[in-house]
Amino acid sequence: MSAAPSVFDLIERVATSGGYAKLAELLSRTERMVEGELALHQRRRFAAVVRHARETVPYYADLPALPEEPSPEDLLRIPILRRETVRDRAAELESTRFPKGHAVEREANSSGSTGRHVTVKVDSVAANVGHGVALRDSAWHGRDPRLKGATIRAVADGARAPEGRRLERWLAHAESGPGALLDVHTKPAEQLEWLLRENPAYLATYPSNAGALLEEAERRRVSWPALRELGTFGEVLPDALRETCRRVWNVPLVDAYSCVELGQLALECPLGGRYHVQSENVLLEVLREDGTPCGSGETGRVVVTALHGFVMPLVRYEVGDYAELGAPCACGRTLPVLERILGRARSTIRLPTGERIWPRYGSNVLGGLFPVRQFRLRQVAPSRLVLEMVLDRALSRSEGEGLRKFVLGTLRYPFELEFVEVSDIPRSPGGKFEDVVCELE
């Protein structure tokens with residue numbers, strides 16, 4: 001009996017033709033396939049990616065062969081690819097030849113929150129699938145593509161205030177309205193002035209930057225009637241930011257989970273709060289520390305395979321994040337669910353027992369309780385923390401005691417905690433910001 005036609009071959013044909021609207025329509029069907037059916041197609045595609053990697057990529061020459069229809073257990077035979085390997089052996093990870101229709105679209109550079117620079121070659125087909133996923137996201141959340149969209153992120157070649165950069169369109173859509181782009185290293189006050197001049201209906205930026213903009217807007221009592229939605233990406237979303245967005249700008253906040261190397265990994269469900277894995281783009285695993293798959297409700301390491309990346313295959317790539325696997329969603333979409341994304345292993349506090357803790361408060365939480373404008377909590381030794389703070393004014397003795405009690409109360413361990421006042425806590429060159437950093441080896 002011959003295998004059913006591959007969903008991924010169909011996706012690739014549509015993506016190669018550049019028919020983004022047709023691709024989005026196809027994705028609207030695959031997201032509701034019978035549970036388990038898309039996973040079968042994923043495993044077949046995974047086997048094809050592994051076969052291509054073994055035959056054309058020097059680094060993968062010794063990968064074990066997989067059957068054309070591998071089992072879930074077969075996938076675990078393929079070793080995990082570490083970020084350090086991609087950084088140090090990038091040339092060996094490039095394919096010497098790739099299938100018809102695939103080509104190098106561009107290079108993607110990720111400085112990483114740790115400063116460990118990684119450069120990958122983006123496949124043209126993968127890039128086109130990414131455009132289709134962006135249209136899916138827009139459709140899920142009812143955005144009007146004809147309106148204007150703006151993005152504030154790290155931009156390598158400028159796009160600073162006051163002008164930023166004007167874009168012909170902000171979506172790969174025939175009726176897309178214009179777009180605008182600004183570098184995130186611009187000061188929040190200047191960003192806000194730029195946004196008010198551009199007046200977009202949709203804004204997308206990092207959660208930490210969204211928090212700074214909302215704080216600036218609230219302080220100056222700046223309203224923004226044209227804004228319909230605030231989108232966030234690239235960092236862990238603080239729990240309180242959605243409520244702050246509603247209070248200050250009276251619009252919903254919609255989050256997305258992505259990385260520079262692989263594009264969109266999971267999108268927020270229209271029902272809110274949870275994330276659907278973009279299974280037509282990537283095969284995403286959530287693994288326990290022993291490498292076995294997590295079950296619903298468990299937290300584990302995120303490992304991802306690019307299913308359209310044939311020019312520089314990333315097979316079982318450990319992105320460095322932790323996430324909680326969720327149960328099936330009530331929305332009717334059968335795409336796997338992530339209950340929440342907890343963030344990088346580096347963005348944790350490590351207890352002496354080895355347990356990791358992700359403190360779930362941001363500057364907006366501390367700022368509501370204490371005169372703290374910005375902070376970064378660093379674990380510099382197994383039992384020692386340093387809290388760097390940008391303060392609106394000096395802490396009183398009672399405020400200092402209350403802040404110490406608040407921070408340590410979330411960690412369930414009597415750490416030594418030092419306070420350090422600083423004038424500024426800069427972003428990384430890649431525009432990201434971490435308010436918790438573990439510096440232990």
**Q** Under a 4.0 Å N-O cut-off, is there an ion pair linking K405 with E401?
**A**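 Between E401 and K405 there is no salt bridge, as every charged N stays at least 4.0 Å from the carboxylate O atoms.
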
**Q** Got a sec, which residues hit side chain to side chain donor-acceptor pair (under 3.5 Å) with T56, two or more places apart in sequence or on another chain?
**A**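 For T56 the side chain to side chain donor-acceptor pair (under 3.5 Å) partners, ignoring immediate neighbours, are H52, S95.
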
**Q** Let me know which of R378, E418, Q379 forms a side chain to side chain contact (heavy atoms under 4.5 Å, CB included) with R384.
**A**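 Answer after filtering R378, E418, Q379: E418.
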
**Q** Is the closest side-chain heavy-atom distance between L76 and E285 below 4.5 Å?
**A**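 A side-chain contact exists here, since the closest heavy-atom pair is under 4.5 Å.
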
**Q** If you take all heavy atoms of L265 and C259, which pair is closest and at what distance?
**A**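 That would be CD1-SG, 4.2 Å.
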
**Q** Any side-chain heavy-atom pair from S138 and L171 closer than 4.5 angstrom?
**A**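 In contact.
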
**Q** Please indicate whether E298 has more than 12 foreign heavy atoms, meaning atoms of other residues, nucleotides or ligands, lying under 6.0 Å from its CD.
**A**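 Atom CD in E298 is crowded, with more than 12 foreign heavy atoms closer than 6.0 Å.
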
**Q** Start with the C-alpha distance between V251 and C245, add both sets of side-chain angles, then the distance that settles side-chain contact (heavy atoms from CB on, under 4.5 Å), and finish with yes or no.
**A** CA-CA 6 Å; V251 297; C245 184; 3.6 Å; yes

**Q** Can you tell if the side chain of F46 reaches within under 4.5 Å of the side chain of L75, non-hydrogen atoms only?
**A**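 Touching, per the 4.5 Å side-chain cut-off.
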
**Q** Any ion pair linking E218 and R247 (charged N to carboxylate O, less than 4.0 Å)?
**A**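 The answer is yes: the pair qualifies as a salt bridge.
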
**Q** Tell me, do L338 and V277 make a side-chain contact under 4.5 Å, heavy atoms counted?
**A**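 Result yes, sub-4.5 Å side-chain heavy-atom pair found.
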
**Q** Return yes if a side-chain donor-acceptor contact under 3.5 Å exists between S71 and D74, otherwise no.
**A**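 Note: S71 and D74 side chains meet the donor-acceptor criterion.
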
**Q** Does a donor on one side chain sit under 3.5 Å from an acceptor on the other, for Y202 and D144?
**A**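 There is no such pair between these side chains.
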
**Q** Counting C-beta onward and ignoring hydrogens, is there a side-chain heavy-atom pair between L66 and I78 closer than 4.5 Å?
**A**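 Of all side-chain heavy-atom pairs linking I78 with L66, at least one is under 4.5 Å.
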
**Q** Is any side-chain heavy atom of P426 closer than 4.5 Å to one of D424?
**A**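 Side-chain contact under 4.5 Å: yes.
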
**Q** Do R274 and E268 sit within salt-bridge range, that is, some charged N less than 4.0 Å from a carboxylate O?
**A**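 No.
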
**Q** G343 and V236: which non-hydrogen atoms are nearest, and at how many Å?
**A**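 Minimum heavy-atom contact is CA-CG2, 3.2 Å.
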
**Q** Quick check for you: to the nearest 0.5 Å, what is the distance between I80 atom CD1 and T85 atom OG1?
**A**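 Between atom CD1 of I80 and atom OG1 of T85 there are 11.5 Å.
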
**Q** Salt bridge or not for R219 and E215, using N-O below 4.0 Å?
**A**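 A salt bridge is absent here (no side-chain N lies under 4.0 Å from a carboxylate O).
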
**Q** Considering all heavy atoms of both residues, which atom of S223 and which atom of L196 are nearest to each other, and what is their separation?
**A**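 Minimum heavy-atom separation between S223 and L196: O-CD2, 4.1 Å.
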
**Q** Whether E388 and R373 form a salt bridge (side-chain N of Lys/Arg under 4.0 Å from carboxylate O of Asp/Glu) is what I want to check.
**A**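 Not counted as a salt bridge, because no side-chain N and carboxylate O are separated by less than 4.0 Å.
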
**Q** With a 6.0 Å cut-off on the ring centroids, do Y206 and F233 count as close?
**A**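 Y206 vs F233: aromatic centres under 6.0 Å.
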
**Q** Using a cut-off of 6.0 Å, state whether more than 12 heavy atoms not belonging to R288 lie near its atom CZ.
**A**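 Check passes, neighbour count above 12.
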
**Q** Using the side-chain contact (heavy atoms from CB on, under 4.5 Å) rule, take V380 and E439 through it: C-alpha gap first, then chi angles, then the decisive distance, then the call.
**A** CA-CA 5 Å; V380 297; E439 299 177 0; 3.6 Å; yes

**Q** What orientation do W358 and Y322 show, parallel under 30°, tilted 30 to 60°, or perpendicular over 60°?
**A**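 If you compare the ring of W358 with that of Y322, the planes turn out tilted.
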
**Q** Is it the case that atom CD in E168 sees more than 12 heavy atoms from other parts of the structure closer than 6.0 Å?
**A**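 Counting other residues, nucleotides and ligands, CD of E168 stays at 12 neighbours or fewer.
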
**Q** Is the closest side-chain donor-acceptor distance between Q191 and N209 under 3.5 Å?
**A**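 Note: Q191 and N209 side chains meet the donor-acceptor criterion.
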
**Q** One thing to verify: whether R350 and E355 come together as a salt bridge, which I'm taking to mean a side-chain N less than 4.0 angstrom from a carboxylate O.
**A**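 Salt bridge flag = no for R350 with E355.
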
**Q** Check the angle between the aromatic planes of H308 and F8 and answer parallel, tilted or perpendicular using the 30° and 60° thresholds.
**A**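 Judged by the thresholds at 30° and 60°, the geometry between H308 and F8 is tilted.
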
**Q** Under the criterion side-chain contact (heavy atoms from CB on, under 4.5 Å), I'd like the reasoning laid out for Y413 against I357: C-alpha separation, chi angles, the key distance, then a yes or no.
**A** CA-CA 11 Å; Y413 184 81; I357 293 178; over 6 Å; no

**Q** Salt bridge between R404 and E399, side-chain N to carboxylate O under 4.0 Å?
**A**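 Salt bridge flag = no for E399 with R404.
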
**Q** Taking only residues at least two apart or on different chains, which pairs with a member in residues 128-141 satisfy salt bridge (Lys or Arg N to Asp or Glu O under 4.0 Å)?
**A**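 Found E31-R136, R136-E280, D137-R143.
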
**Q** Assess the residue pair R344 and D321 against the criterion (salt bridge (charged side-chain N to carboxylate O under 4.0 Å, His left out)); give the C-alpha distance rounded to whole Å, side-chain angles, the decisive distance to 0.1 Å, and a yes or no.
**A** CA-CA 4 Å; R344 301 266 164 174; D321 292 336; 3.0 Å; yes

**Q** Can a side-chain donor-acceptor contact be found between E235 and S208 if the only test is distance below 3.5 angstrom?
**A**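 Distance-only check passes for S208 and E235.
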
